[in-house]
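Just so it is clear: chains get the letters A, B, ... in the order the sequence lines come, proteins before strands, and each one is counted from 1. Basis for what follows: all heavy atoms, side chains included, without hydrogens, waters or symmetry-related copies.
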Number of protein chains: 2
Amino acid sequence: MPTSSRFAIAVHMLTLMARTDEECIKSEDIARSVNTNAVVIRRLMCALSEAELLVSQTGPCGGSKLARAPQAITLLDIYRAVEGGSLFALHRQKPNRHCTVGRNIESVLEEVQAQMDEAVEGVLETITLEKVLQTVDPKASRRKRKTYA
Amino acid sequence: MPTSSRFAIAVHMLTLMARTDEECIKSEDIARSVNTNAVVIRRLMCALSEAELLVSQTGPCGGSKLARAPQAITLLDIYRAVEGGSLFALHRQKPNRHCTVGRNIESVLEEVQAQMDEAVEGVLETITLEKVLQTVDPKASRRKRKTYA
DNA sequence: CGATCTGTAACTATCGTAGTTACAGATCGA
DNA sequence: TCGATCTGTAACTACGATAGTTACAGATCG
């Protein structure tokens, strides 16, 4: 599993958009809240856009907004969009094929990986962006409920 | 979460020891099966020794063996011994405190981390080293059962 | 047409992993 | 007691991933 803060930043970004739906937010503004460079934000915007979690627009009054309601976006959607691989790495060099353990250990570890991934995904798919916003900014969450109702 | 193969190698190491219990295995021999340098193995041996999963001995006829039966060692024990941190990283720079989202997002993400960790640990604690050996080398597993019986 | 955005390339700094050499210290057998 | 054989560990290197930065092309709107 990579040591990246992409997932954390992506959740942060989308939470900002969930708070001010319809209205586009500029990468500069997001960068200020996240406390990083705007290009880092735009790179993640690309990934999140490809996953159809947000839509972007160039030009003046451009920026990004959610592609769908925050109730319909789970943390699993976000995780998959920005964080590729598995939770731990297998051997770098292939183990020794002349050893029984070396020959068979990798497939066992792949099975373990699969079970771990499944467990994590089970957690992430139960948490929606709406729930995150509710915890982070309850007032904005209530305001928004009218919009989508 | 760091992109390390320590967990994979540690499971490999201990599986080798589970196969030939009582008898000590040298770091050189383990390194040959894992296909890496002996020092890498010894570094992990230290961590696994501190976690009381194996015991080492210096000198001729030295090496390492399991500290207890493979039925009594779970993958969670191994994971905790060699893989420190969490499954994803939070923000590097602290988010902007002047923004409501920036101020509150981290505690939400920490809660998510905790839930993910718990889910993964739930999986790992159900898999014993004995079960791994059984899959990797069923013959040795049957042979050993006599020893511990 | 010009201002304002995104999208993206290119470069850099930093860090974690692990591969390597080298050696101190423990231990055993002759 | 000496020498061979292990572990334990320090020190250094190589490599890859992350993300911070500058720069600019291209889209879009007034």
Distance check needed: [N] [atom2] versus [X] [atom1], whole Å only.
X       : N      : atom1 : atom2 : answer
B:Glu28 : D:dG8  : CD    : P     : 13 Å
A:Met13 : D:dA19 : CE    : P     : 13 Å
B:Ile25 : D:dT7  : CD1   : P     : 11 Å
B:Ile30 : C:dG19 : CD1   : P     : 15 Å
B:Gln93 : D:dT18 : CD    : P     : 17 Å
A:Arg43 : C:dA9  : CZ    : P     : 10 Å
B:Asn37 : C:dT21 : CG    : C1'   : 9 Å
A:Glu50 : C:dT6  : CD    : C1'   : 14 Å

Q. Do you reckon B:Met17 sits in the same ILVMFWY cluster as B:Leu76, going by side-chain contacts under 4.5 Å, direct or chained?
A.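 Looking at the clustering, B:Leu76 is in the same group as B:Met17.
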Q) B:Leu133, B:Tyr79: one ILVMFWY side-chain cluster at the under-4.5 Å cut-off? A)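 Result: no, two separate clusters.
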Q: Mind checking salt bridge (charged side-chain N to carboxylate O under 4.0 Å, His left out) for B:Glu111 and listing every partner two or more places apart, or none if nothing turns up?
A: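 For B:Glu111 there are no salt bridge (charged side-chain N to carboxylate O under 4.0 Å, His left out) partners, ignoring immediate neighbours.
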Q) How does DNA chain D look in dot-bracket form if you count Watson-Crick and G-U pairs under 3.5 Å, write [ ] for pairs that cross, and put | where a base pairs with another strand? A) ||||||||||||||||||||||||||||||
Q. Parallel, tilted or perpendicular: which fits the ring planes of A:His12 and B:His91, with parallel below 30° and perpendicular above 60°?
A.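 A:His12 and B:His91: tilted rings.
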Q. Reckon B:Ser5 touches a base, only the sugar-phosphate, or nothing at all at heavy-atom distances under 4.0 Å?
A.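 Since only primed, P, OP1 and OP2 atoms lie under 4.0 Å of B:Ser5, the category is sugar-phosphate.
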Q | Between CD on residue A:Gln71 and CD on residue A:Gln134, distance to nearest 0.5 Å | A |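 Interatomic distance, A:Gln71 CD to A:Gln134 CD, rounded to 0.5 Å: 9.0 Å.
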Q. Nearest 0.5 Å, what's the OG-CD distance between A:Ser86 and A:Glu110?
A.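 Result: 9.5 Å between the selected atoms.
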Q.
Distance alone, cut at 3.5 Å: any donor-acceptor contact between the side chains of B:Glu83 and B:Ser4?
A.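 Side chains of B:Glu83 and B:Ser4: pair found under 3.5 Å.
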Q: Would you check if there is a donor-acceptor pair between the side chains of B:Asn104 and A:Thr135 at a distance under 3.5 Å?
A: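 No, because no side-chain N or O of A:Thr135 sits under 3.5 Å from a partner of the opposite role on B:Asn104.
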Q) Would you say B:Ser27 reaches D:dT7's phosphate, i.e. side-chain N/O to OP1/OP2 under 4.0 Å? A)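 Answer yes for this pair, as a side-chain N or O of B:Ser27 is under 4.0 Å from OP1 or OP2.
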Q. How does protein contact run along nucleotides 22-30 of chain C, one letter per nucleotide 5' to 3', with B for base contact, S for sugar-phosphate only, - for none, heavy atoms under 4.0 Å?
A. B--BBBB--
Q) Of the non-hydrogen atoms in A:Asp77 and A:Ala72, which two are nearest, and what is the gap between them? A)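 What the structure gives for the nearest pair is OD2-O, 3.9 Å.
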**Q.** Out of D:dA19, D:dG8, C:dG19, whichever nucleotide has its closest atom nearest the side chain of A:Arg92
**A.**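 Closest of the options to the side chain of A:Arg92: C:dG19.
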